[in-house]
Amino acid sequence: MSVGFRAVQWNRDKLVYDGILVAAVALYIAGFGVVAWRIEPPKNLPEEIDLWIRATGTCAFLMLTAILGIGPLARLDRRFLALLYNRRHFGVLAFLVAAAHFALLLDWYVAQNALPNLGAELTRWPDYGKFIGFPFKALGLAALLILFLLAATSHDFWLMFLTPRVWKFLHMGLYAAYGLVVMHVALGHVQDDRTPWIPIMLAAGFGTVAALHLVAGWRERKADRAVGQATGWLTVGPLSSIPDKGARIVAAPRGERIAVFRDGNQVGAVTNLCAHQNGPLGEGRIVDGCITCPWHGYQYRLADGCAPPPFTEKLVTHRIRVAHGIVEVDPVPLPPGTPAAIMVA
Amino acid sequence: MTRRHRSLHRVVWPILALVVATGFVLALWLRPPPEPGQVRAIPRAAPMEQAA
């Protein structure tokens, strides 16, 4: 949350997160270099550059695999929410490693005084009609351009400018970039390298990410269908079924989910979508009297869905009532910031 | 995530998984046999042509 522009809102958690990331990347690339050098020492400069191309390429692939795994893992197990918190910095670092991979490729051509050959490879148009022999570097270049676009628009300024809905759809481009990277390696390196390690890495990485997304999607589908075609007030359950300083999430038919929170004797309902990135508010907690998003810590008052001053975000709220000891919520949304919480005995 | 975003996810991932898995398997299946006497496990990044 911020009331003014800051390039990056650093805090201790982000510094630790980024420090671990940078250290892990440096360690991986250095380790890859040392091991590969010992197994097969480069005989000349192009072979040496080739070694670092492979180090940065595999590193970028593994980073993308981890980044794409964090989302569904956090949906399946709350312990992974800590990784989600600063995922955008992870993504920007992955772009930088991929850009280094590309820069090394250019260096590889330059070292042999053969840079025009890259242009010739990319513009040999008949090859685009082949499967084996497809200009695989074009796939890598397309993935790099997508990663650049995502890194360039990762800042909260673009999130606010584009709106969370458009921004999230734009950043789903990462899925396409990941598929392009897999095919870039499958149609490039894998065609010449007969060792099994790279195919295993590709299959395990992509298979794991795809399986996680499919499982998480299947679970979400079940949750969306929980209420079915119910109309009118929706049943939440007995008051005791709502954890104190926590929430129960109700799926409104054809609408967005509703988070019904309890803070002692106060019960209130807000949309389950955080105003920042549409994070699942109902999976958060009430901290310091405010609903706190589990993704990035954005806060809202339970009484009216407004962020505490000086912040200005407002949430859609819903009316609440208790009938025969059962809490019910009206699925019709009230204007953002409308007081709707009630006190119960 | 919005309901529409979740729905899109559920459509995109099965398609992406199918397309990439098929492409990957075909790339392995159709790759040319190794050249006889090839000793270098990891080749250069691309076949070179003489620069103009």
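None of the values given here were measured: they were computed from a predicted structure. Order of the sequence lines fixes the chain letters, A, B, ..., with proteins taken first and strands second; residue numbering starts at 1 for each chain.
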(message) Looking only at heavy atoms and a cut-off of under 4.5 Å, which of B:V12, B:V25, B:L26, B:V19 has the most pairs with chain A?
(response) B:L26
(message) Counting heavy-atom pairs under 4.5 Å with chain B, which one of A:M183, A:R75, A:R257 comes out on top?
(response) A:R257
(message) With a 6.0 Å cut-off on the ring centroids, do A:H184 and A:F61 count as close?
(response) no
(message) Does any backbone or side-chain atom of A:Y175 lie under 4.5 Å from a heavy atom of chain B? Answer side chain, backbone, both or neither.
(response) both
(message) Main chain of A:N272, side chain of A:E256: is a donor-acceptor contact present, judged purely on distance under 3.5 Å?
(response) no
(request) Let me know if A:V190 has heavy atoms under 4.5 Å from chain B in its side chain, its backbone, both or neither. (result) both
(message) Donor-acceptor check, side chain of A:E48 to backbone of A:K43, threshold 3.5 angstrom: yes or no?
(response) no
(message) With chain A as the partner, which of B:H9, B:M1, B:R6 has the greatest number of non-hydrogen pairs under 4.5 Å?
(response) B:R6
(request) Below 4.5 Å from any heavy atom of chain A, which atoms of B:R3 appear? Answer side chain, backbone, both or neither. (result) both
(message) If you count heavy-atom pairs within less than 4.5 Å of chain B, which of A:P280, A:A210, A:G255 leads?
(response) A:G255
(request) Please state whether the side chain, the backbone, both or neither of A:A203 comes within less than 4.5 Å of a heavy atom of chain B. (result) both
(request) State, with a plain yes or no, whether a side-chain heavy atom of A:L81 is found less than 4.5 Å away from one of A:L84. (result) yes
(request) Run the numbers on A:I53 and A:H101 for side-chain contact (heavy atoms from CB on, under 4.5 Å), then give the verdict. (result) CA-CA 5 Å; A:I53 288 174; A:H101 175 73; 3.4 Å; yes
(request) Just do the side-chain contact (heavy atoms from CB on, under 4.5 Å) check on A:R165 and A:F169 with the steps written out, would you? (result) CA-CA 6 Å; A:R165 189 178 294 254; A:F169 280 114; 3.9 Å; yes
